[in-house]
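Below is one structure, written out as structure tokens; the observations come after it.
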Amino acid sequence: MSSLRLLPLCLFLAGCAATLPAPEPRPLDLDQALSGCFDNLAQYARADAALKVPPSVEGDWLDLQHACFRRVEAPAVGSQVYYLEWRKGDAQGAVSRQRIWSFRPLGEHQWAMEFYAFVDGKPWEGRGEQAGAFAALQGSDLRGYGESCALRYTRTAKGGWLGEVSAEGCRIVAASGRGMGIDARVLLHAEGIDYQESGRLDDGRYAFRVPPSQPYQFRRLP
């Protein structure tokens, strides 16, 4: 008899448990979210065949990239510095992009990230994991774009980090000598990194789009 009396209470408690809110996602440390190697193989495998064409400014495309982000010691550039090296296809492919990202805190949940291109990236290829390899890196080795082009990273509702900059605020002169505005959006989250960037010329045409219509969906490699 007593067990029958307890049944409604048990059902009531079970119902309450079922409606409890999901636990808050665990916030990602910036270094934890960014450091490591990634690729977009899963995204590329499921992409429509029409996208698997050579990159161009005019058309839509998606290629396969292997991307590594390594924290390095480069005192002349900043105290929290990362070397970015992307390769086409896989870890043995040709280098497709090299950058330096330098972070500085703006507050408890906000960072500024200045990005730099290399004047000559060849001497730095493959050295992201080499201790002390970037200690002698100087501003003269890089092309910087100034404070107005620093991405502002803020904490997302799901515990990741979102960095953005717009062409209205970020105006640069590229190595080609062309002036352009930069739009960039980088989302760091538990599964990996979503990355998209473009450059727009003064007449409104695109100088580049990486990639055009969807961000790279980089997922962390084991």
Side-chain angles (χ1 to χ4, degrees), residues 22 25 28 30 32-70 82-99 101 113 115 117-118 121 125-126 128 145 149 151-170 172 174-176 178 180-222:
L28 290 171
L30 182 67
Q32 172 195 11
L34 185 58
S35 293
C37 289
F38 308 76
D39 68 24
N40 67 322
L41 180 59
Q43 177 191 25
Y44 186 78
R46 65 175 180 268
D48 191 283
L51 293 177
K52 298 175 182 179
V53 295
S56 67
V57 175
E58 294 81 14
D60 200 3
W61 53 268
L62 180 71
D63 62 354
L64 183 59
Q65 294 282 338
H66 180 276
C68 289
F69 301 79
R70 302 295 189 191
Y82 296 82
Y83 169 59
L84 174 162
E85 184 175 294
W86 295 6
R87 291 180 178 266
K88 295 178 181 178
D90 57 30
Q92 284 70 51
V95 172
S96 58
R97 172 167 288 213
Q98 288 176 281
R99 297 288 187 271
W101 288 2
M113 186 207 87
F115 63 94
F118 286 85
E125 283 185 17
Y145 301 105
C149 286
L151 278 72
R152 295 307 198 265
Y153 278 78
T154 55
R155 182 76 80 180
T156 70
K158 294 185 177 181
W161 295 93
L162 176 62
E164 295 180 292
V165 72
S166 72
E168 287 70 30
C170 175
I172 73 167
S176 64
R178 296 183 297 178
M180 67 183 72
I182 300 296
D183 289 296
R185 186 178 191 273
V186 183
L187 176 62
L188 313 178
H189 52 92
E191 290 73 38
I193 300 172
D194 295 350
Y195 183 102
Q196 193 165 29
E197 181 186 1
S198 62
R200 285 186 286 169
L201 300 171
D202 292 338
D203 62 8
R205 291 178 299 134
Y206 282 103
F208 69 90
R209 294 186 295 167
V210 182
S213 62
Q214 58 180 293
Y216 282 126
Q217 296 172 12
F218 291 127
R219 297 300 175 258
R220 186 178 296 278
L221 296 170

Worksheet item: Just by modelled atom types, is the Val95 backbone N or O under 3.5 Å from a matching donor or acceptor in the Glu85 side chain?
Response: no
Item to complete: Taking all non-hydrogen atoms of both residues into account, name the closest pair between Gly126 and Arg87 and its distance.
Response: N-NH2, 4.1 Å
Discussion item. Would Gln43 and Leu62 count as a side-chain contact (heavy atoms from CB on, under 4.5 Å) here? Give the steps.
Written reply: CA-CA 9 Å; Gln43 177 191 25; Leu62 180 71; 3.8 Å; yes
Discussion item. The test is side-chain contact (heavy atoms from CB on, under 4.5 Å); show your working for Leu28 and Leu188 and say whether it passes.
Written reply: CA-CA 9 Å; Leu28 290 171; Leu188 313 178; 5.7 Å; no
Worksheet entry | Side chain proximity check, Tyr145 to Ile182, heavy atoms < 4.5 angstrom | no
Worksheet entry | Minimum heavy-atom distance between Pro211 and Gln214, given as atom pair plus value | CG-O, 2.7 Å
Worksheet item: Salt-bridged, Asp63 to Lys88, with N to O below 4.0 Å?
Response: no
Worksheet entry | Lys52 side chain to Tyr44 backbone, donor-acceptor under 3.5 Å | yes
Worksheet item: How many angstroms lie between CZ in Phe38 and NE2 in His66, if you round to the nearest 0.5 Å?
Response: 10.0 Å
Worksheet item: CD/Gln65 to CG/Leu41 distance, rounded to the nearest 0.5 angstrom?
Response: 12.5 Å
Worksheet item: What distance separates Phe115 CZ from Leu84 CG, expressed to the nearest 0.5 Å?
Response: 11.5 Å
Discussion item. Looking at every non-hydrogen atom in both residues, tell me the closest pair between Asp60 and Pro212 and how far apart they are.
Written reply: OD1-CB, 3.5 Å
Worksheet item: CZ/Arg185 to OG/Ser198 distance, rounded to the nearest 0.5 angstrom?
Response: 13.0 Å
Response to the item:
In this structure, CE of Met113 is separated from CZ of Arg99 (nearest 0.5 Å) by 10.0 Å
Item to complete: Identify the two heavy atoms, one from Trp61 and one from Ser56, that lie closest to each other, and give their separation to 0.1 Å.
Response: NE1-O, 2.9 Å
Response to the item:
Between Gln98 and Gly121, the two heavy atoms sitting closest are NE2-O, 2.9 Å
Discussion item. Run the side-chain contact (heavy atoms from CB on, under 4.5 Å) test on Asp39 and Asp90 for me, step by step, so that the C-alpha distance in whole Å, both residues' side-chain angles and the decisive distance to 0.1 Å come before the verdict.
Written reply: CA-CA 8 Å; Asp39 68 24; Asp90 57 30; over 6 Å; no
Practice prompt. Measure the spacing between CH2 of Trp161 and CG of Leu187 and express it to the nearest 0.5 Å.
Written response: 12.0 Å
Worksheet item: So does Arg97 pair up with Glu197, basic N to acidic O under 4.0 Å?
Response: yes
Discussion item. I'd like to know if the side chain of Arg209 and the backbone of Arg200 have a donor-acceptor N/O pair within less than 3.5 Å.
Written reply: no
Item to complete: Could you tell me which non-hydrogen atom of Met180 sits nearest to which non-hydrogen atom of Ala207, and how far apart they are?
Response: CE-CB, 3.6 Å
Practice prompt. Mind checking salt bridge (Lys or Arg N to Asp or Glu O under 4.0 Å) for Arg155 and listing every partner two or more places apart, or none if nothing turns up?
Written response: none
Discussion item. Main chain of Leu151, side chain of Glu164: is a donor-acceptor contact present, judged purely on distance under 3.5 Å?
Written reply: no
Item to complete: Return each pair, listed once, that meets ring pair (Phe, Tyr, Trp, His ring centres under 6.0 Å) where at least one residue sits in residues 201-222; pairs must be two or more places apart or across chains.
Response: Trp86-Tyr216, Trp86-Phe218, Tyr216-Phe218
Discussion item. Per the salt bridge (charged side-chain N to carboxylate O under 4.0 Å, His left out) rule, what does the pair list look like for residues 213-222, sequence neighbours excluded?
Written reply: Asp194-Arg219
